[in-house]
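Per chain, numbering begins at 1; letters A, B, ... match sequence-line order.
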Protein chains: 4
Amino acid sequence: MLNKNKKENLIISSALKMFSKNGFYNTKVADVAKSIGMSVGNFYNYFPSKNSLAKSSIVFVSKKLAMKLKYINEQEISSKQKINLFVKSYLVFLTKHPEMINYFFKVYLGNRELFCENEDCGFEFAKEFVDELKKMIDNGIEKKEFVNQDFFICFSCIAGILGGITFLNSENVLDKDLEFYVDSLSISIYKSISYPCE
Amino acid sequence: MLNKNKKENLIISSALKMFSKNGFYNTKVADVAKSIGMSVGNFYNYFPSKNSLAKSSIVFVSKKLAMKLKYINEQEISSKQKINLFVKSYLVFLTKHPEMINYFFKVYLGNRELFCENEDCGFEFAKEFVDELKKMIDNGIEKKEFVNQDFFICFSCIAGILGGITFLNSENVLDKDLEFYVDSLSISIYKSISYPCE
Amino acid sequence: MLNKNKKENLIISSALKMFSKNGFYNTKVADVAKSIGMSVGNFYNYFPSKNSLAKSSIVFVSKKLAMKLKYINEQEISSKQKINLFVKSYLVFLTKHPEMINYFFKVYLGNRELFCENEDCGFEFAKEFVDELKKMIDNGIEKKEFVNQDFFICFSCIAGILGGITFLNSENVLDKDLEFYVDSLSISIYKSISYPCE
Amino acid sequence: MLNKNKKENLIISSALKMFSKNGFYNTKVADVAKSIGMSVGNFYNYFPSKNSLAKSSIVFVSKKLAMKLKYINEQEISSKQKINLFVKSYLVFLTKHPEMINYFFKVYLGNRELFCENEDCGFEFAKEFVDELKKMIDNGIEKKEFVNQDFFICFSCIAGILGGITFLNSENVLDKDLEFYVDSLSISIYKSISYPCE
DNA sequence: CATGAATGAGTGTTCATTCAT
DNA sequence: GATGAATGAACACTCATTCAT
């Protein structure tokens, strides 16, 4: 028998697909349960509420992304190369697990009320990923590879541009495979935050 | 007495605030109606359904944004200047009407199921804005001010970076006024899509 | 059309019957609604919750009983006669509206958790009746018709003995009509709280 | 290891506390099981259902009370003294085991649907206690110490008055210790069923 | 146009009970 | 006997929408 943690992940994996496809509110607890052959009642042995599943799900995704970024951050390469590796890693992941990325951009960013009780909750559930991204940015600034500017500008450039391509992809408007965009995207991102005419 | 169209806009204005603050699903038709002193029944004289209000709302926002961009596009200035004007215009608008921008980024992009019946609906309800943005991009490429690359890359850079700052702003994590970011953001956006070392 | 208050009373009347017969927990909101030809949703236009219906119901009963007792209290007769009138009035009421009395003794006294949030809520929802009973007792003590003793003793004698016969009646163990017990019950009650050998 | 019967009593003891405090319907089988460090599944090795636990519990209480009354009944003393002893014994028991008395008056009398399948089930589960009380009453009447009246009147007087003080006690409205009320209560009860001017 | 009472399908959650281990 | 994961029917409450007035 699967242990508790394994089963939780099984639920999350299925929920991510359903939430990202049909939205949190149009996905019923019964749907999630049934999708993995589990009874409704038993679902509640693993998550105390539908909402807590949403929260655990974003933590799950955030950790996955953080791991990939951490692996890149730990290498002794230039920031430019790091960005290239990250974009590639991100797009491969998006191809393989669109539900995770889409969950992040659609459900997490689009339905803040699910994740925030008070006004200023920030991105606490995506902390792990955001922190790792911060590391990359800080390191790039430190090494003078990135313009020494407001952190939030950098953050918007990296996360924003990737978010942009993600939305276009999820709406099926892109005419090429994601892989195709790796280089041009990394260059764009790099240009946006680095000094012109290096 | 207000004519039908005026009243529709009144409803939309109030709905935008509520939808963007609490989400579409947590805003009840009764709440919207009450917020402008209207009865529930009467609401349905102006919109056939809650969902149609959501659609009209995004068209409303898209038109507003398109107008601003159109005004900029019509000027005889460099693309670089256009981007600067657009960023400024955008951030001023975001300051004045966060509900509109947030509605666009959160409700519209985050709850696609509300606006898409089939799989490939694209951004039909934001068409006016997207088209105008396309004009700016195409013009910049034509004039060799932007790298002649895939349109979607450019789109992701412009809309993505602005989206990034928008999310940071709506989560109250920015420590300065939006105005502060105008120049650095426009430079970043411009750098991302233009040739290096101009 | 019935006004709001009339409809509330209609709901309460029906709920009293169902609650007292099958218990609060075995009576579904849908049952109550259906019993008076009302939809479930509409029920909630009159009461915010099932629990609030239970509370309103006991207030309703308490008021009815208080009224009867008040009418008796206002007469210029001896306490002995008051008790006789009250017992008669009570038993007639019990015959005519067993659901009200049974609701009081079974649901209200038997399911305190429904009516008490904190530990010491006392009998706040039956206040009107209890207050009127207190008046009768205080008056009898003042006029030296009742032994000058602890109020709670008197209260237990009056309410307790009536409660006793009420339970026997609701269990269908009594072999005679309630009317039959009027005199012996009033004498017993009177004896229990008055001086022996008057 | 405890034998089956001992464990049943252990369950009952804990259940009495929880049922009397929070009500039958707000006490979950899992709560009862956990309260004595037992698994849910194992609970069902001792009681076939939650409802049967409720029934066994009232029999348990009824037997305890019957025993005390039996001991008193067997003494060669006047009915007046018996009543005094019974009241004392009752109040001491109530002080020591409020859960048992409260279970009787609240859960058993207040939720008849739990104990009665048909309409006329009487007090079958409290038979032992009721029978013993009947013995005391019959004996008093026989010895002309009590008025020769309807049995149910006597029953209501004794059980009702004790029930009255019990409710007041369980609602924490009494300002003195229960012991304080022993004499006045026994006198009141005795007066209520005996001839005036003995 | 305007009202708001009425509808009723729908949903998150609970919990007594079962049963494989 | 003992465990606790699994079941699934049940229920309070919601809310978009309708419609009589």
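A straight line from CE of M38(A) to C1' of dG4(F) spans 14 Å, rounded to a whole angstrom. If you take NZ of K28(D) and P of dA16(E), they are 7 Å apart, rounded to a whole angstrom. The nearest whole Å value for the distance from the CZ atom in F43(B) to the P atom in dC1(E) is 15 Å. Between the OH atom of Y44(B) and the C1' atom of dT17(F) there is a distance of 5 Å, given to the nearest Å. Whole-Å rounding puts the K34(D) NZ to dC15(E) P distance at 13 Å. The interatomic distance linking N51(B) (CG) with dT17(F) (P) rounds to 8 Å, in whole Å. Taking atom CG on N45(D) and atom P on dA20(E), their separation rounds to 15 Å, with Å as the unit. What separates CZ of F47(A) from P of dA5(F) is a distance of 14 Å, to the nearest Å.
Contact check on K21(A) versus E113(B) returns no salt bridge, with no Lys/Arg side-chain nitrogen under 4.0 Å from an Asp/Glu carboxylate oxygen. Look at R112(A) and E124(A) and you find no salt bridge, because none of the NZ, NE, NH1 or NH2 atoms lies under 4.0 Å from a carboxylate O. Ion pairing of E99(C) with K64(C) is absent here, as no side-chain N (NZ or NE/NH1/NH2) approaches a carboxylate O to less than 4.0 Å. Checked for salt-bridge contact, K106(D) and E171(D) meet the test: a charged N lies under 4.0 Å from a carboxylate O.
Comparing K50(B) and G41(A) by the nucleotide of DNA chain F that holds the closest heavy atom to each, the one mapping nearer the 5' end is G41(A).
Among dT17(E), dT3(E), dT7(F), the nucleotide with an atom closest to any side-chain atom of N42(B) is dT3(E).
Phosphate contact (OP1/OP2 of dC11(F), side-chain N/O of Y25(C), threshold under 4.0 Å): absent. Proximity of K4(B) to the phosphate of dC1(E): no side-chain N or O atom is located under 4.0 Å from OP1 or OP2.
T27(A) comes within contact range of the sugar-phosphate backbone alone, with a heavy-atom separation under 4.0 Å but no base atom that close. Within the nucleic acid shown, V29(C) comes within 4.0 Å of sugar-phosphate atoms alone, with no base atom in reach, counting heavy atoms only.
Panel note: side chain K50(A), backbone F47(A); no donor-acceptor pair is recorded below 3.5 Å.
When Watson-Crick and G-U wobble pairs are counted only if both distances are under 3.5 Å, dA20(E) pairs with dT3(F).
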